[in-house]
Amino acid sequence: MVRGARQPQQPRSRLAPRLTGTVEKPPRKRKSRTEFALKEIMSSGGAEDDIPQGERKTVTDFCYLLDKSKQLFNGLRDLPQYGQKQWQSYFGRTFDVYTKLWKFQQQHRLRTSETSYLNEAFSFYSAIRQRSYYSQVNKEDRPELVVKKLRYYARFIVVCLLLNKMDVVKDLVKELSDEIEDYTHRFNTEDQVEWNLVLQEVAAFIEADPVMVLNDDNTIVITSNRLAETGAPLLEQGMIVGQLSLADALIIGNCNNQVKFSELTVDMFRMLQALEREPMNLASQMNKPGMQESADKPTRRENPHKYLLYKPTFSQLYTFLAASFKELPANSVLLIYLSATGVFPTGRSDSEGPYDFGGVLTNSNRDIINGDAIHKRNQSHKEMHCLHPGDLYPFTRKPLFIIVDSSNSVAYKNFTNLFGQPLVCLLSPTAYPKALQDQSQRGSLFTLFLNNPLMAFLFVSGLSSMRRGLWEKCQEYLRKINRDIAQLLTHSRSIDQAFLQFFGDEFLRLLLTRFIFCSATMRMHKIFRETRNYPESYPQLPRDETVENPHLQKHILELASILDVRNVFLESTIDDY
């Protein structure tokens, strides 16, 4: 879920919904529409069990301040437009209420990344749909009301995507398509092309997965890639690992031509899912033994805070990075995920410092100097819109976990750990075999391995569909592989201690085991034969104990045998190095 903070202004279609956008109100001329809708939802029983009493009061207080501020603001319109002093008292009262509203939002913003809040948003949007709040819109000759309805659909789709409710998404896409067709038929407006683009984007987004899992009746199975209770390999008794926990994550997307919807690329969406726990209904949690006493004060935060930054400028990225760094609690980890176009150094440099290998691109569209956008730079200078490895050095004063998915990811292999804090960089291949390159618009293969390793394994094996029974059998075997990878890491005598420092956190543990599985798979695959086809890391992993371990290679071949694709893998990679 998006962390509750103001997102930077991003270049986008003006029709696309913001992930942090407020709920579009139904076009009904009735006082306290928001409060009425929220009360209807809470009283309907759909979300009542999931909303604690304290949070219901928060909603009620917010609705009161919101309506009061609107009343006072609308009252300013009735004041005479002459004189200098008579409006000051009214303006002061209005300003005071808006100040209270702003402070209230700051104090109660959703800063927990709990999926329960997404469920509440889903309940709210579902209530609007079930009660047909927009049913009268199409009977009125007012295009602006129809646009509100279309935006409601787009925002509802975003919520459903984040909750992985793909069956609902498909229904909403069909309804949105019908609404857009009706809108374009009735009104000759300038935004028709943009709304059709929104429809194309979401259609491509939900079809981005390269492999379909099918039931016996050929219906598509909706798979979840969030962290389940049995998802991460358990730590064996006596394993010595760090006690750090993942607290904050910056998920940054700046890839050209990648499928996206709203301000969410496929890679960003997949990494977002990888950093979420499988949601659990609060009522069912309360029924578990021992949960009654700790219900008001949970012992741990379920999910790390997350910032989603779509095509940020360098200054925007640095601002959010500095804010996360400042607020990072003790014994916590900051994760930075970079899915971006590579920036390569121009010319040769006499030195090999942290600014001499390039990095990844940040957005330059709104970095203006003297009124003109800077498009050309002297080749003797460094690229000003590049995030270089050296730009991250100040933040290595605290534990930092970096994932770079880019054509120049290896630039981040040249890190220097200046402050002795735990630091790990997982780096994607810089190029893929030609047979796989045409799939880049549907998301990166490296990120897919970190999000859904079995689907990625099937894809590189040339499979596009699978029956549910076989899928579940392979998932169970993959869990066994993850357990064995965890043992390889913790039993290694030559591994850098930074990896073990992060291994105590479930999210990071799962990312590390999936990274090793990804690297081992690519090294054994027959078409991945160039060095640039393989993931790398900083610090380097001991190959013979991890990615080229014979025991792990045997597991990969056994998984390939279950799928009847053993012929696409080498029997061993030991002789190749």
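Remember, predicted model here, so these are calculated numbers, not experimental data.
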Residues 444-460 side chain polar contacts: donor-acceptor under 3.5 Å, at least two apart:
residue : atom : partner : partner atom : Å
Ser444  : OG   : Asp405  : OD1          : 3.0
Ser444  : OG   : Asp405  : OD2          : 2.5
Ser444  : OG   : Phe446  : N            : 3.2
Thr447  : OG1  : Tyr337  : OH           : 2.7
Thr447  : OG1  : Asp405  : OD2          : 2.5
Asn451  : OD1  : Asn225  : ND2          : 3.4
Asn451  : ND2  : Arg270  : O            : 3.0
Asn452  : OD1  : Met455  : N            : 3.2
Asn452  : ND2  : Asn225  : OD1          : 2.9

Exercise. Taking all non-hydrogen atoms of both residues into account, name the closest pair between Leu308 and Met268 and its distance.
Key: CB-CE, 4.0 Å
Self-check item: Considering all heavy atoms, the nearest Leu275-Pro304 contact
Solution: O-CD, 3.4 Å
Exercise. For atom CG of Asn331, decide whether the heavy atoms of other residues, nucleotides or ligands shown that lie under 6.0 angstrom number more than 12.
Key: no
Quiz item: Got a salt bridge between Arg479 and Glu476, using NZ or NE/NH1/NH2 to carboxylate O under 4.0 Å?
Solution: yes
Exercise. Answer yes or no for Lys148 and Tyr134: cation-pi contact, defined as NZ/CZ to six-membered ring centre under 6.0 Å and angle to ring axis within 45°.
Key: no
Quiz item: Heavy-atom count around Asp178 CG within 6.0 Å, excluding the residue itself: above 12?
Solution: yes
Quiz item: Can you name the closest pair of heavy atoms from Leu500 and Thr490 and give their distance?
Solution: CD2-CA, 4.0 Å
Quiz item: What closest approach, in Å, do Pro433 and Ile527 show between heavy atoms, and which atom pair accounts for it?
Solution: CG-O, 3.3 Å
Practice problem: Compare every heavy atom of Pro429 with every heavy atom of Pro535, then report the nearest pair and how far apart it is. | Solution: N-CG, 3.9 Å
Exercise. Determine yes or no for a side-chain-to-main-chain donor-acceptor pair under 3.5 angstrom, with Lys398 supplying the side chain and Leu334 the backbone.
Key: no
Quiz item: Under 3.5 Å, is there a donor-acceptor pair linking the side chains of Glu276 and Asn303?
Solution: yes
Quiz item: Tell me, do Tyr432 and Met522 make a side-chain contact under 4.5 Å, heavy atoms counted?
Solution: yes
Self-check item: Closest non-hydrogen atom pair, Leu463 against Val211
Solution: O-CG2, 3.4 Å
Exercise. Answer yes or no: does atom NZ of Lys526 have more than 12 heavy-atom neighbours from other residues, nucleotides or ligands under 6.0 Å?
Key: yes
Exercise. Verify ring pair (Phe, Tyr, Trp, His ring centres under 6.0 Å) between Tyr152 and Tyr125, making sure each step is shown before the conclusion.
Key: CA-CA 8 Å; Tyr152 151 75; Tyr125 284 125; 5.7 Å; yes
Quiz item: With a 4.5 Å heavy-atom cut-off, do Gln258 and Val266 have their side chains touching?
Solution: yes
Quiz item: Counting heavy atoms not belonging to Asp564, are there more than 12 under 6.0 Å from its CG?
Solution: no
